[in-house]
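Notes follow once the structure below has been shown.
The chains referred to below are lettered A, B, ... by the order of the sequence lines, with proteins before strands, and numbering in each begins at 1.
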Amino acid sequence: MTSLRLYNTLTRHLDEFVPGEPGKVKMYTCGPTVYARAHIGNFRTFMFSDLLRRYLAYKGYDVFWVMNITDIDDKTIKGAHAEGIPLRDYTSRYAEAFFNDCKTLNITPADLYPRATEHIEDMVHLVEELKTKGIAYEAEGSYYYKIGAFPAYGKFARLNMKEMMVGERVASDEYEKEDIRDFALWKGYEAEDGDVFWETSIGKGRPGWHIECSAMSLRYLGEDFDIHLGGVDLIFPHHQNEIAQTEGATGKRLARYWVHSEHLLIDGGKMSKSLNNFYTLDDLLEKGWKPREIRFALLAGHYRQRTNFSINSLEAVRASLARLDSCVRNQELATGSGAGQEVKDIIALRETEFQMAMDDDLNYPEALAAVFNLVRDLNKTCADGGIGPEERAIAMAALRRFDSVLGFLFSDEMETCVVCDDIEINSLVRQRDEARAAKNWAEADRIRDSLAEQGIVLEDRPGGMTVWRRK
RNA sequence: GGCGCCGUGGCCAAGUGGUUAAGGCGGAGGUCUGCAAAACCUCUAUUCAGCGGUUCGAAUCCGCUCGGCGCCUCCA
């Protein structure tokens, strides 16, 4: 098998992926801030981490995946206070919703979901370490990162700090900072924080945004781990600051590969909570879209390419999945005599194409083309009677293998007579078969039409078998 | 002001220097079928926003123009 190449934001090149420890991959994804329901744009990023995780596992790597839960920041505090409930209760509600959404979308669970509030000590130690090294300083109970003490600051994000435009948000921010571009590591307690604070060796307060990822990735993945993932909008400031913090404190590289996925657009623009132009998973489920249809749609397009999301695209997805479903059904129901080596050959060819595409910086669209070509090849072989019991087992195993990466080929939603024995429907199908045997076409069509009204589609297969499925 | 991305058939979307420009959706015709459904077959971009340049050769490299968009301390 060829090796995987990934576009590394660190080098801005396509780099061959070589894990730090042979056969093992340690990866970290910047997870959600649990102050509201995540929208499908957020899920595109998590879906991409899942795709990479699945493909690494497909290639035989033992993957250890950590995704943090940000449960302490301005918005979570504001939300909890607005409802007058403890921060933990407020954030748990959205964390649970997030886990449910991931499950619905068939996103592989991460091995660990550390919460920021459960790692305050680690963050405090990191701040102390930075202070000892003269990289952090205290001002009015808060601690700031002195970017002037980290010469490489700005390099990762390719920002020239001298020519940076200082926006209003920065200018209006904490004026006690030595340099307006310094960022908060620890925020000293203020009355508006209410009951949200920690009494620590560096004082009473709460952590800044970036320090949690430095602390938690260091704790669970160590120094210089393999892959760090996130959305492109995190390149600056979040990931730049993580690097400054971790590398400033440890003197070691934070991670070797940084992979960023592009945004999901809506109406040609960025989907974001602040613009209120987004769909949540529930919005789409309520409109009748199936989880796997949404998964397929969110996966569409290369991860480094912005992708426009539209209901229109879901319509096309539904038709594409129907094609994939019928291929699976064709294999399951094949009654051919077998073509032997031919089936192995076409699977080997398409699987090689699939791997070559995925190895090329996860070129998912091209990999999907290989899947559809396999579908055509298998359907054809099937129609030619080339799929017997042995070939069926080989074909199904191959489809399962592809699905370990894709996650939408097989699902409980694929309900046909093969996997579901609905007595009422089966009885009607039998009555129709009897009518057909008697060449009573009017009666046969009447039964088929009435089933169609219930969304049941019949297929008369060669050999006299009739199968049904829900539309 | 700085950094950067995109423009490929009716729609979505790969390809980024060299065989006939993947694949999906949609559309047209055909095979199969009692009729369907599904599947299969054929067709559906002489051309890659426009103009110039480099080259034996460009959708792919360079320049300009037009159009759309992202980041520059809330952000997936």
In whole angstrom, give me the gap between the [atom1] atoms of [N] and [M].
| N | M | atom1 | answer |
| --- | --- | --- | --- |
| B/G24 | B/A58 | C1' | 27 Å |
| B/C69 | B/G53 | C1' | 28 Å |
| B/A49 | B/A21 | P | 16 Å |

Taking NZ, NE, NH1 and NH2 as the nitrogens, is one of them in A/Asp71 or A/Arg115 under 4.0 Å from a carboxylate oxygen of the other?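 So A/Asp71 pairs with A/Arg115 through a salt bridge.
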Mind checking if [X] touches a base, just sugar-phosphate, or nothing, with heavy atoms under 4.0 Å?
| X | value |
| --- | --- |
| A/Gly301 | sugar-phosphate |
| A/Asn363 | sugar-phosphate |
| A/Leu264 | base |
| A/Ser313 | nothing |
| A/Leu234 | sugar-phosphate |
| A/His302 | sugar-phosphate |
| A/Arg12 | nothing |

task: Can you figure out which of B/C74, B/A76, B/C35 approaches the side chain of A/His39 most closely?
output: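 The answer is B/A76.
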By nearest atom, which of the nucleotides B/C72, B/C35, B/A38 is closest to the A/Arg432 side chain?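 The listed nucleotide nearest to A/Arg432's side chain is B/C35.
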Pairing string of RNA chain B (Watson-Crick or G-U wobble, both atom distances under 3.5 Å; | = paired to other strand) is ((((((((.[[[..)..(....]]]((((((.......))))))....[[[[[..)....]]]]])))))))....
- Query: Excluding sequence neighbours, so at least two apart, what forms side chain to side chain contact (heavy atoms under 4.5 Å, CB included) with A/Asp445?
  - Reply: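 Partners of A/Asp445 by the side chain to side chain contact (heavy atoms under 4.5 Å, CB included) criterion, ordered by chain and then number, come out as A/Arg448.
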(request) State which residues pass side chain to side chain contact (heavy atoms under 4.5 Å, CB included) with A/Ala149; sequence neighbours excluded, sorted by chain then number. (result)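 Counting only residues at least two positions away or on another chain, A/Ala149 forms a side chain to side chain contact (heavy atoms under 4.5 Å, CB included) with A/Ile135, A/Lys146.
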**Neighbour count >12 (heavy atoms, 6.0 Å) for atom CE, A/Met396** =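 Correct, the count exceeds 12.
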Report the residues that fulfil salt bridge (Lys or Arg N to Asp or Glu O under 4.0 Å) with [X], sequence neighbours left out, ordered by chain and then residue number.
| X | answer |
| --- | --- |
| A/Arg401 | A/Glu351 |
| A/Arg53 | none |
| A/Asp282 | A/Arg37 |
| A/Glu443 | A/Arg446 |

- For A/Lys270 and B/A76, is the shortest distance between a side-chain N/O and OP1 or OP2 below 4.0 Å?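 A/Lys270 to B/A76 OP1/OP2: no side-chain N or O under 4.0 Å.
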I want to check one thing: is the phosphate of B/A38, taken as OP1 and OP2, less than 4.0 Å away from some side-chain N or O of A/Asn379?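 For A/Asn379, the contact criterion (side-chain N or O under 4.0 Å from OP1 or OP2 of B/A38) is not met.
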Protein N or O to nucleotides 20-27 of chain B N or O, pairs below 3.5 Å:
unit_1: B/G24; atom_1: O2'; unit_2: A/Ser320; atom_2: OG; d: 2.2

All N/O pairs under 3.5 Å across the protein-nucleotides 5-8 of chain B interface:
unit_1: B/C5; atom_1: O2; unit_2: A/Arg306; atom_2: NH1; d: 3.4

5' precedence on RNA chain B between A/Ser326 and A/Gly231 (nearest-nucleotide basis)
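That would be A/Ser326.
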Item to check | Close residues, residues 433-443 of chain A, relative to RNA chain B [heavy-atom separation under 4.0 Å] | outcome: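 Going residue by residue through residues 433-443 of chain A, the ones with a heavy atom under 4.0 Å of RNA chain B turn out to be A/Arg436, A/Trp441.
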### Residues in contact with RNA chain B, drawn from residues 102-117 of chain A - heavy-atom cutoff 4.0 Å
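Those residues whose heavy atoms fall under 4.0 Å from RNA chain B, taken from residues 102-117 of chain A, amount to none.
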Task: Where at least one partner belongs to residues 308-319 of chain A, residue pairs that pass side-chain hydrogen bond (donor to acceptor under 3.5 Å, both in side chains), sequence neighbours excluded - done: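 Counting only pairs at least two positions apart or across chains, the side-chain hydrogen bond (donor to acceptor under 3.5 Å, both in side chains) contacts touching residues 308-319 of chain A are A/Glu293-A/Arg318.
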